[in-house]
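Single-structure report; data block below.
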Number of protein chains: 4
Amino acid sequence: MHRGNRHGRSEAAREAVLQAADDLVAEIGYARVTIEGIAARAGVAKQTIYRWWRSKTDILVDAFTADSAQELTLPDTGAFRTDLRAHLDELVRFLEVSDSGAVFRALAGQAQHDPELATRLRAEVLPRLRARDRVPFDRAASRGELPADADVDLLVDQVVGPIHFRVLVTGEPVTPALLDALVTLAARQQPEASARPEQPGGAAT
Amino acid sequence: MHRGNRHGRSEAAREAVLQAADDLVAEIGYARVTIEGIAARAGVAKQTIYRWWRSKTDILVDAFTADSAQELTLPDTGAFRTDLRAHLDELVRFLEVSDSGAVFRALAGQAQHDPELATRLRAEVLPRLRARDRVPFDRAASRGELPADADVDLLVDQVVGPIHFRVLVTGEPVTPALLDALVTLAARQQPEASARPEQPGGAAT
Amino acid sequence: MHRGNRHGRSEAAREAVLQAADDLVAEIGYARVTIEGIAARAGVAKQTIYRWWRSKTDILVDAFTADSAQELTLPDTGAFRTDLRAHLDELVRFLEVSDSGAVFRALAGQAQHDPELATRLRAEVLPRLRARDRVPFDRAASRGELPADADVDLLVDQVVGPIHFRVLVTGEPVTPALLDALVTLAARQQPEASARPEQPGGAAT
Amino acid sequence: MHRGNRHGRSEAAREAVLQAADDLVAEIGYARVTIEGIAARAGVAKQTIYRWWRSKTDILVDAFTADSAQELTLPDTGAFRTDLRAHLDELVRFLEVSDSGAVFRALAGQAQHDPELATRLRAEVLPRLRARDRVPFDRAASRGELPADADVDLLVDQVVGPIHFRVLVTGEPVTPALLDALVTLAARQQPEASARPEQPGGAAT
DNA sequence: ACGTAATCGAGACGGTACGTCCTGTCTTTAC
DNA sequence: GTAAAGACAGGACGTACCGTCTCGATTACGT
């Protein structure tokens, strides 16, 4: 790693910091991560961190963003119910198991104490997650599986809300029973009749 | 055998600490509350706090519990939808507006970084909230407005999950439109009615 | 072991405290002795200590006094030089080796920071030590080995001063060479002898 | 006033601490001086003190050393007795009256409880004082007023020991009578005969 | 014989200071 | 002009004792 730079900021330092922050959250937990610890772990001077980030959460938002860069594309199964179910399975895996999910939970928690972080999360992080959550619904709408005037954001809240609630608040596992119920709830939104909402292929293609 | 100080711990000190903690969270926010600040505000020695509580969150759990002691009884409107709607209005008021809601949000946030707090919350605090959330459903069940085999906890998660999600994660206001949708969703659980569209993979499992 | 008594203090408690204080000074050193530690060691309540003593040094003065109660009589060897030398040997043993000497050194040290203790030491402890230091001189005077008008206290200061100086300040061992020199110095005070070389500005004033 | 520096400590902070320590000992006495108080008085962070000193006595040794830097040269009166008497007058003034004498007494007292401090005093502070105390004797020896084989350190102990003893232990004032006796005692050490030891100019030049 | 009064062990209390840790700023030196 | 290094002021942390206090139990005197 080169020290000093006549031509702008050191990309090496930036990456070392983000990596160190991610690692430390995974290893010792958000609460015990300190800026000094990140600096030491990254082999970077504290001042370098303070020059480019305003707080440890600021670093973590960047780290989380970097992690999220590797976009996963939701496979198209051809039907709303199966698309949605696949997406929810992936969402649960992210929230409960993945390292970046741990960072997300820590940030969401910290946002309760830090309005500035809350603002930044809602401006930068959540829209990207929301966009992903909308994919199955938007696809369904384009297939005609949802009414044209359906309030997709409202539907998303109804579907992912209980999952976040369990993960962040109650700590209960997100069971298949819950996912089934949520998928069914969403699928009940039909273009017209209340007739046979559960026929997955009914309106497809 | 000497049983130590016969008057035991000072109730006055205990109450002063809980009150000071509550006040400070409301005034300056959880993040800026310190044990030293609580001690100073309460007119109590730090050691007295450390003798009876293990951390500032430990104090806040006690303070929250004390605040919750004054149980509010949900008025019985005679019908499930109206009962539920009244309860949800009250829930939103608690989460978004009240002082003890601020404490709850802070604790829920901190629990993301502190497994011990998470455990304590789930053991002591959440069951009480859950009990309240179940009231409209249990009443409805006893009136016959819900099927006998309805999974009430699952229904509760579906109804209150989106509300917590908006309050804790997205920060969007909980709109009447959302509440309407949630009430309608719950009310669709009918004993007879339009058969069992929910059965195939639904909540019944 | 409750010895509550309308008329008078518990002798058992008093002795336990003095013994505990002595032991603790010997075991862990004056600096690390605390009143709480003495109370615990003595099996006595703090309040009992505070009822009867004003500070830990107050306890130690009492403990030292109790230790000193067992008066040792200086054997009469029949001659000033041998009497004095025997006394100085004993003094050095007391200061350098004995447990009560350790207490004395601690008190003398603490008196540098505590005028009240200094006053008490000079009023109660030092006169007893001075009386002992005078014994060889007074005996010599009664034998006619010293001039009638000799200033015994001044001589005592000259003889024991260097010993205390080495023990308390320089930490150098008190050697036989020093003791020899001090005895010789004192013995030079002769009734007749080579007149009064000391007169010009000497001790006679 | 931030003087942070990759290569070394802040001299300003060091001096402020030593000055504050000296002042506080003079103002409120050693016993009531605290590290927090020194930090506050010096306008310095506690951590800065703990970074460079291990205890309050460590600070005071440095402060005492700094005070002693301004060496006073003992004027040469041309004769042993007058040289010595002048030196002893100065020594008494230092021990009884001066601010740095107060620091010395406090350190000597504290050394009774703190072996580490005792070691440091004996290694760093006392040799310098001893060197001063030897000056009149060494001068006398070079003048031939003392035997070539005189044990100067032993003589020093005999002369300054009683003075320290009175100042540190008995608290009695150091009288001219004592000083006279001490000077006479020292002057009695003659090169050869026991003849006229008090003739100041006898062996001079 | 019995109440009164002072003692006792116990330990909670409001405090002070400790020594450690981390924050965010600043300065120096190197590249 | 960025980087590493690290000293700085500040301040919260959790701990140890301080000296005071109240408690209930114990004991001996004086009525």
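By convention in this document, chain letters (A, B, ...) are assigned in the order of the sequence lines, proteins followed by strands, and residues within each chain are numbered from 1.
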- Message: Both D:S55 and B:G43 contact DNA chain E. Which one's nearest nucleotide lies toward the 5' end?
- Response: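 Upstream on the strand: B:G43.
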- Message: Tell me if the side-chain of B:K46 makes a donor-acceptor pair with the base of F:dG14, cut-off 3.5 Å, by modelled atom types.
- Response: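 Between F:dG14 and B:K46, which were checked side chain against base, a qualifying N/O pair under 3.5 Å is present.
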- Presence of donor-acceptor pair under 3.5 Å, side chain of D:Q47 and base of E:dC21: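 Pair found.
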Distance-only donor-acceptor hits, side chain of residues 109-118 of chain C, under 3.5 Å, sequence neighbours excluded:
| residue | atom | partner | partner atom | Å |
| --- | --- | --- | --- | --- |
| C:Q110 | OE1 | C:Y30 | OH | 3.4 |
| C:Q112 | NE2 | C:A108 | O | 3.1 |
| C:Q112 | NE2 | D:L168 | O | 2.6 |
| C:H113 | NE2 | D:A106 | O | 3.0 |
| C:D114 | OD1 | C:E116 | N | 3.1 |
| C:D114 | OD1 | C:L117 | N | 3.2 |
| C:E116 | OE2 | C:R54 | NH1 | 2.5 |
| C:E116 | OE2 | C:R54 | NH2 | 2.8 |

- Message: On the nucleotide E:dG14, are OP1 or OP2 found under 4.0 Å from the side-chain N or O atoms that B:T48 carries?
- Response: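 Indeed, a polar side-chain atom of B:T48 lies that close.
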- Examine C:R14 relative to C:W52 and say whether NZ or CZ is less than 6.0 Å from the centre of the six-membered ring and inside a 45° cone about the ring axis.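 No, cation not above the ring by the 6.0 Å, 45° rule.
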- Task: Examine D:R120 relative to D:W53 and say whether NZ or CZ is less than 6.0 Å from the centre of the six-membered ring and inside a 45° cone about the ring axis.
- Result: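 Cation-pi check for D:R120 and D:W53: fails.
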- Task: Classify the nucleic acid contact of C:W52 as base, sugar-phosphate or nothing, counting any heavy atom under 4.0 Å across all strands shown.
- Result: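 Sugar-phosphate, backbone atoms only, no base.
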- Message: To the nearest 0.5 Å, what is the distance between CG on A:D58 and CD1 on A:I35?
- Response: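 These two atoms lie 9.0 Å from each other.
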- Which residues within residues 24-38 of chain D lie with some heavy atom under 4.0 Å of an atom in DNA chain F?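 None, since no heavy atom is under 4.0 Å.
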- Could you work out which one of E:dT20, F:dC13, E:dC13 sits closest to the side chain of D:Y50?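 Of the candidates, E:dT20 comes closest.
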- Looking at the side chain of A:R51, which of F:dT15, E:dG14, F:dA3 is the nearest nucleotide?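 Selected nucleotide: F:dA3.
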- Task: Map D:V44 and C:R54 onto DNA chain F by nearest heavy atom, then report which one ends up closer to the 5' terminus.
- Result: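 It is D:V44, whose closest nucleotide lies nearer the 5' terminus.
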- Item | Atom-pair distance (NZ on C:K56; C1' on F:dC17), nearest Å |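 So the NZ-C1' distance, C:K56 to F:dC17, works out to 10 Å.
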- Item | Side-chain (D:R32) to main-chain (D:V25) donor-acceptor, under 3.5 angstrom |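 Not a single qualifying donor-acceptor pair exists.
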